[in-house]
**Student:** 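First, the structure itself, so that you have it in front of you.
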Amino acid sequence: MRVPVVEMDGDEMTRVLWGWIKEILIEPYVELKTEYYDLGLVHRNETEDKVTELAALAAKKYGVAVKCATITPNAQRVEEYSLKKAWKSPNGTIRRILDGTVFRAPITVRGVTPYVPAWKKPIVVARHAYGDIYDAVEDFAAQGESVYLVVERDGKEVRRKHIHTFGGAGIVQGVHNTDASVSAFARCCFGYALEHKLDIWFGAKDTISKVYDHRFKDIFAEIYRDEYADKFARAGITYNYTLVDDVVARAVRSGGGFLWVCKNYDGDVMSDMVATAYGSLGMMTSALVSPDGAYEFEAAHGTVTRHYYKHLKGEETSTNPVATIFAWTGALAKRGELDGNAPLVEFAQKLERAVLSTIGSGYMTGDLIPLFSLDGVTPVKLNSREFLLKIADKLR
Ligand code: NAP
Ligand code: MG
């Protein structure tokens, strides 16, 4: 390796897996170069969370990062770790700095049947990660109150729209988005579709939301027409916009194999549905792609706290490391691609193939056992470390 990958270490069971993955599957084969940031909660607390910001800036600088799952502290964690305060979600901080789109893709493997059996190929969910209800202003309204949408410029009112006059108690919410963020989102999605040769289905609700959702539709349409239509035609892929409910119905009827572009809330909800339908949280990768071309790879699941407490008691756990391994291979392959380092790309591909063929030949972690069925193969449940060693055998 010539340029380092930004390595963001994390918490609990995934931190344990992180160390083992490096020890068993990467360091024996790659002259690994990383710039290491410890985003474990203890170190975030020691640095007043500065380390998260530094790690995100490094990701921006080098262009490729790999992140371990981290604890987002709540009140219980503040007590458990004697924190100075409930630090913000590291993923939120990183997304704010990189300003990106989150792509979630299931890892499909021979013998593991999704709950929606027609989904033979992966559905990748692209989630806009800015604005809408995640940045909303809300309030209660009392009987007799009138609520308006007021627009000011230089402190002077320029427009006012009546929202509702409340005959009884109620609620009200104000949301926003920006052309800049929606445009960056569109370009990220079009770029990803080209890179992975996937058709796009984008759904919103422009029939009801004639300004807000319609603006998403228009921005996507303009950018597609001006910058991507020719490239899509050459690549033999299509961009499709329709109502979000129509996309949901089409997704279920499909055989998979497309990029499902979602507004922020739709992506939040639908990515959990898609991940679960494909089988296991342990088999879902997540990549943050920033508009200026930085990539951050991670697993879509959390720190698997329940398994970690068993591990601390000295018990074996059968925690699935596949999504975390694929975060590493995603980062190494991207680094190799950017640096023209073909052997690094090849190593990442071989490691992924070794993981899939290990599972395909019947060796896996406990979460996959109930989903596995393949003629002539009896699935064997391994603990996490045994599973990693089995993959290493296959890789060699
Ligand atoms: P979680 O860590 O994803 O685990 C929830 C449950 O899902 C586990 O108890 C386990 O079920 C199953 N599971 C998840 N990943 C698995 C894997 N790799 N192999 C096998 N089973 C797996 O979610 P959580 O327990 O709600 O959250 C734990 C911590 O993670 C929290 O502190 C949260 O803040 C953090 N978190 C971080 C991220 C991130 O960094 N991206 C994302 C989400 C949550 P069984 O117990 O039934 O085996
Ligand atoms: Mg969600």
Side-chain angles (χ1 to χ4, degrees), residues 7-18 20-21 37-45 49 51-52 55-56 59 65-81 83 86-95 98 100 102-107 109 112 125 127 129 267-268 271-272 275-276 278-288 296-313 315-328 330 355 359 364-372 381-388 391:
E7 175 183 355
M8 306 178 183
D9 208 344
D11 288 300
E12 300 195 312
M13 201 59 219
T14 39
R15 187 182 180 98
V16 175
L17 295 176
W18 193 262
W20 290 348
I21 289 168
Y37 292 86
D38 182 0
L39 300 199
L41 188 50
V42 173
H43 193 240
R44 271 183 279 149
N45 190 53
D49 208 22
V51 65
T52 308
V66 56
K67 180 180 170 292
C68 180
T70 46
I71 294 169
T72 298
N74 54 16
Q76 181 258 321
R77 299 294 199 165
V78 170
E79 197 170 312
E80 181 183 355
Y81 282 81
L83 301 180
W87 306 107
K88 286 185 179 156
S89 148
N91 288 327
T93 303
I94 294 166
R95 264 181 231 156
L98 293 180
V102 177
F103 294 92
R104 296 214 150 160
I107 301 159
V109 53
V112 175
V125 174
R127 173 183 171 188
D268 186 347
S271 69
D272 280 28
T276 308
Y278 274 100
S280 167
L281 274 172
M283 298 293 282
M284 189 84 173
T285 61
S286 181
L288 175 67
E296 183 233 353
F297 297 87
E298 62 173 344
H301 58 78
T303 60
V304 210
T305 310
R306 209 180 63 80
H307 295 208
Y308 182 59
Y309 289 141
K310 283 173 75 180
H311 170 80
L312 285 183
K313 282 193 266 172
E315 291 172 36
E316 280 177 358
T317 76
S318 186
T319 317
N320 188 338
V322 170
T324 306
I325 298 171
F326 272 63
W328 273 99
V355 171
I359 299 171
M364 64 201 74
T365 47
D367 55 319
L368 298 181
I369 298 275
L371 295 166
F372 190 86
K381 177 180 166 181
L382 301 177
N383 68 40
S384 302
R385 209 176 153 88
E386 287 166 347
F387 179 57
L388 293 171
I391 296 168

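Values reported hereafter were calculated over all heavy atoms of this structure, with side chains retained and with hydrogens, waters and symmetry mates removed. All residue numbers refer to positions in the sequence shown, counting from 1. Both counts, for ligands and for their atoms, begin at 1 and track the order of listing.
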**Student:** Check each atom of ligand 1 against the heavy atoms of N91 and keep those under 4.0 Å away; list them by number with element.
**Tutor:** 39 (C), 40 (O), 41 (N)
**Student:** How close do T14 and G302 get, counting heavy atoms only, and between which atoms?
**Tutor:** CG2-O, 3.5 Å
**Student:** Determine whether the side chains of H307 and T319 contain a donor N or O and an acceptor N or O closer than 3.5 Å.
**Tutor:** yes
**Student:** My understanding is that only residues two or more places apart in sequence, or in another chain, count here; which of them pass side-chain hydrogen bond (donor to acceptor under 3.5 Å, both in side chains) with R77?
**Tutor:** E12, E80, T305
**Student:** Do side-chain atoms of T324 reach the backbone of A299 as a donor and acceptor pair under 3.5 angstrom?
**Tutor:** no
**Student:** Would you mind checking which non-hydrogen protein atom is closest to atom 47 (O) of ligand 1, with the distance to 0.1 Å?
**Tutor:** R306 NH2, 3.9 Å
**Student:** Ignoring angles and geometry beyond distance, decide whether D367 reaches within less than 3.5 Å of ligand 1 through its nitrogen or oxygen atoms.
**Tutor:** no
**Student:** Which of these passes side-chain hydrogen bond (donor to acceptor under 3.5 Å, both in side chains) with W87: D49, T52, N45?
**Tutor:** N45
**Student:** May I ask you to identify, for T14, whether its side chain, its backbone, both or neither come under 4.0 Å of ligand 1 on a heavy-atom basis?
**Tutor:** neither
**Student:** Within the distance-only criterion (no hydrogens, no angle test), does the side chain of H301 pair as donor or acceptor with the backbone N or O of L281 below 3.5 angstrom?
**Tutor:** no
**Student:** Going by the closest heavy atom to atom 20 (C) of ligand 1, which one wins out of N320, T303, N74, I71?
**Tutor:** N320
**Student:** Regarding K381 and D367, does a basic nitrogen lie under 4.0 Å from an acidic carboxylate oxygen?
**Tutor:** no
**Student:** Take atom CD in E79; do more than 12 heavy atoms of anything else shown fall under 6.0 Å from it?
**Tutor:** no
**Student:** Can you tell me which portion of L281 lies within the under-4.0 Å heavy-atom range of ligand 1? Options are side chain, backbone, both, or neither.
**Tutor:** side chain
**Student:** Using a 4.0 Å cutoff against the non-hydrogen atoms of A69, which atoms of ligand 1 qualify?
**Tutor:** 40 (O)
**Student:** Got the closest protein heavy atom to atom 34 (O) of ligand 1, with its distance?
**Tutor:** T72 N, 2.9 Å
**Student:** Under 3.5 Å, N or O to N or O, is V304 touching ligand 1 that way?
**Tutor:** yes
**Student:** Looking only at distance, does E12 have an N or O less than 3.5 Å from an N or O of ligand 1?
**Tutor:** no
**Student:** Would you mind running through ligand 1 and noting each atom that sits below 4.0 Å from a heavy atom of T305?
**Tutor:** 28 (C), 29 (C)
**Student:** How does H301 reach ligand 1, by side chain, by backbone, by both or by neither, if only non-hydrogen atoms under 4.0 Å count?
**Tutor:** both
**Student:** For the side chain of T93 and the backbone of S89, is there at least one donor-acceptor N/O pair under 3.5 Å apart?
**Tutor:** yes
**Student:** Check whether S384 reaches the backbone of T317 with its side chain - one donor and one acceptor, N or O, closer than 3.5 Å.
**Tutor:** yes
**Student:** Are H307 and ligand 1 in contact, using a heavy-atom cut-off of under 4.0 Å?
**Tutor:** yes
**Student:** Can you check whether a protein heavy atom sits less than 4.0 angstrom from atom 6 (C) of ligand 1?
**Tutor:** no
**Student:** Report yes if the side chains of D11 and C68 come closer than 4.5 Å at any heavy-atom pair, otherwise no.
**Tutor:** no
**Student:** Just to confirm my output: which protein heavy-atom neighbour is closest to atom 43 (C) of ligand 1, and how far is it?
**Tutor:** G302 CA, 3.5 Å
**Student:** Might you check, step by step, whether the distance between atom 12 (C) of ligand 1 and some protein heavy atom is under 4.0 Å?
**Tutor:** no
**Student:** Is the closest N or O pair between T319 and ligand 1 shorter than 3.5 Å?
**Tutor:** no
**Student:** Please state which protein non-hydrogen atom is closest to atom 35 (C) of ligand 1 and give its distance, to 0.1 Å?
**Tutor:** T70 O, 3.4 Å
**Student:** How are the rings of W18 and W328 set relative to one another: parallel (under 30°), tilted (30 to 60°) or perpendicular (over 60°)?
**Tutor:** tilted
**Student:** Given the protein's heavy atoms, is any one of them under 4.0 Å from atom 26 (O) of ligand 1?
**Tutor:** no
**Student:** Closest by any non-hydrogen atom to atom 31 (C) of ligand 1: pick that one out of R77, K67, E298, M8.
**Tutor:** R77
